[in-house]
Amino acid sequence: GTRPLEEIGDGRPGAVAYVVTLLAVFAALHADLFLLDWLGAGQFHGGAVLGGEVWRLVTALTLHIELAHLLGNVAFGAFYGYFVGRYLGTGVGWLTVILAAAAGNGLNALVQSASHRSIGASTAVFAALGLLVAYTWRRGFLTHTPWRARIAPIVAGLGLLAFTGTGGENTDLGAHLFGLVAGFGGGLVLARFVPV
């Protein structure tokens with residue numbers, strides 16, 4: 001049978017903070033708040049990141065120009081983030097998501113051209129997904145089940161990447177893939193060290 005995954009926190013505070021942050025930055029960008037070039041200052045730019053502007057690894061996650069892009073990342077990020085908070089706690093869980101997303105963007109900077117630019121929380125969304133996949137898999141909540149059931153979280157994560165992370169002309173597949181991989185790595189580490 002299955003073993004229930006222990007819940008250690010409330011998923012709502014982190015999910016709400018995530019949504020509020022993305023909406024506030026979206027409003028600030030579109031209102032030219034403080035007359036700042038929010039996009040120019042914060043977007044992911046491969047050459048700038050490799051040149052030392054490492055804050056872009058995180059600030060790019062908060063920027064969206066199109067409403068549909070924003071709403072998709074708000075919905076999926078809040079959904080996965082809610083469970084990150086439930087299983088890992090708001091602090092540890094969201095810190096891991098942010099660090100994994102930054103690592104995913106960093107890996108993307110290494111493989112893309114120096115002129116590559118991107119924005120959006122999708123890398124963090126896939127980092128949260130990878131974190132959940134690895135954590136639920138390694139915590140063994142499907143321990144006494146057939147191998148197909150045990151690898152189901154991994155297959156589901158790859159399926160979601162294939163269906164939601166690879167389409168569209170403005171889709172940054174590298175960022176999505178590296179976010180998923182970095183989140184998966186974070187989940188493996190946390191599953192190893194979080195006490196049952």
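Quick caveat: nothing in here was measured; it's all calculated off a predicted structure.
- Considering every non-hydrogen atom in both A191 and R138, the closest pair reads CB-CB, 3.5 Å.
- When side chains are defined from C-beta on, L131 counts as touching L88, because their heavy atoms get closer than 4.5 Å.
- Annotation: ring-ring contact (aromatic ring centres under 6.0 Å, His included) contacts of Y82 (sequence neighbours excluded): none.
- With a 4.5 Å cut-off on side-chain heavy atoms, L110 and L50 count as touching.
- For residues 91-123, every residue pair satisfying the ring-ring contact (aromatic ring centres under 6.0 Å, His included) rule, not counting sequence neighbours, is listed here: Y18-W94, F44-H116.
- Note on V125: it clusters hydrophobically with L22, by side-chain heavy-atom contacts below 4.5 Å among ILVMFWY residues.
- Residues H176 and F126 place their aromatic rings such that the two centres sit under 6.0 Å apart.
- Side-chain contact between L67 and F26 is present, with heavy atoms from C-beta onward closer than 4.5 Å.
- Hydrophobic cluster membership of I119, counting Ile, Leu, Val, Met, Phe, Trp and Tyr whose side-chain heavy atoms lie under 4.5 Å apart directly or via other members: V25, L29, L33, F34, L36, W38, L39, L63, I65.
- Sorted by first then second residue, the salt bridge (charged side-chain N to carboxylate O under 4.0 Å, His left out) pairs that include residues 79-96, not counting sequence neighbours, are E7-R86.
- In this structure, CG in L177 is found 9.0 Å from CG in N108, a value given to the nearest 0.5 Å.
- Considering only residues two or more places apart in sequence or on other chains, Q43 meets the side-chain hydrogen bond (donor to acceptor under 3.5 Å, both in side chains) condition with none of them.
- A pairwise comparison of heavy atoms in G120 and H69 identifies CA-CE1, 3.7 Å as the closest pair.
- Applying the salt bridge (charged side-chain N to carboxylate O under 4.0 Å, His left out) rule to pairs touching residues 103-124 yields nothing, sequence neighbours excluded.
- A continuous path of Ile, Leu, Val, Met, Phe, Trp and Tyr side chains, each step under 4.5 Å between heavy atoms, connects W137 with L132, placing both in one hydrophobic cluster.
- With sequence neighbours excluded, the residues forming a side chain to side chain contact (heavy atoms under 4.5 Å, CB included) with L23 are V19, L70, listed by chain and number.
- At a threshold of 4.5 Å between side-chain heavy atoms, the hydrophobic network of Ile, Leu, Val, Met, Phe, Trp and Tyr places L180 and L107 in two separate groups.
- Contact detail for A78 and A15: the closest heavy-atom pair is O-CB, 3.8 Å.
- For residues 12-35, the pairs satisfying salt bridge (charged side-chain N to carboxylate O under 4.0 Å, His left out) are D10-R12, with sequence neighbours left out.
- Using a 4.5 Å cut-off between side-chain heavy atoms of Ile, Leu, Val, Met, Phe, Trp and Tyr, I98 falls into a hydrophobic cluster with V58.
- Between A101 and L61 the shortest heavy-atom distance is CB-CD1, 3.7 Å.
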Let's go through T96 and L190 carefully: what are the C-alpha distance in whole Å and the side-chain angles of both, what is the deciding distance for side-chain contact (heavy atoms from CB on, under 4.5 Å) to 0.1 Å, and is it a yes or a no? CA-CA 9 Å; T96 305; L190 289 177; 3.4 Å; yes
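- Summarising the geometry, atom CZ belonging to F178 is positioned 8.0 Å from atom CD belonging to Q112; distances are rounded to the nearest 0.5 Å.
- For the side-chain hydrogen bond (donor to acceptor under 3.5 Å, both in side chains) test, residues two or more places apart in sequence or in another chain that qualify with S118 are D172.
- Using cut-offs of 30° and 60° for the angle between ring planes, the Y135 and Y87 rings count as parallel.
- With Y80 as the fixed residue, the side chain to side chain contact (heavy atoms under 4.5 Å, CB included) test singles out one of L129, V133, V97: L129.
- Counting only residues at least two apart or on different chains, the salt bridge (charged side-chain N to carboxylate O under 4.0 Å, His left out) pairs with a member in residues 35-55 are E53-R56.
- A103 meets the side chain to side chain contact (heavy atoms under 4.5 Å, CB included) test with A182; sequence neighbours excluded.
- Within the 3.5 Å criterion, the main-chain N or O of A41 finds a donor-acceptor partner in the side chain of W55.
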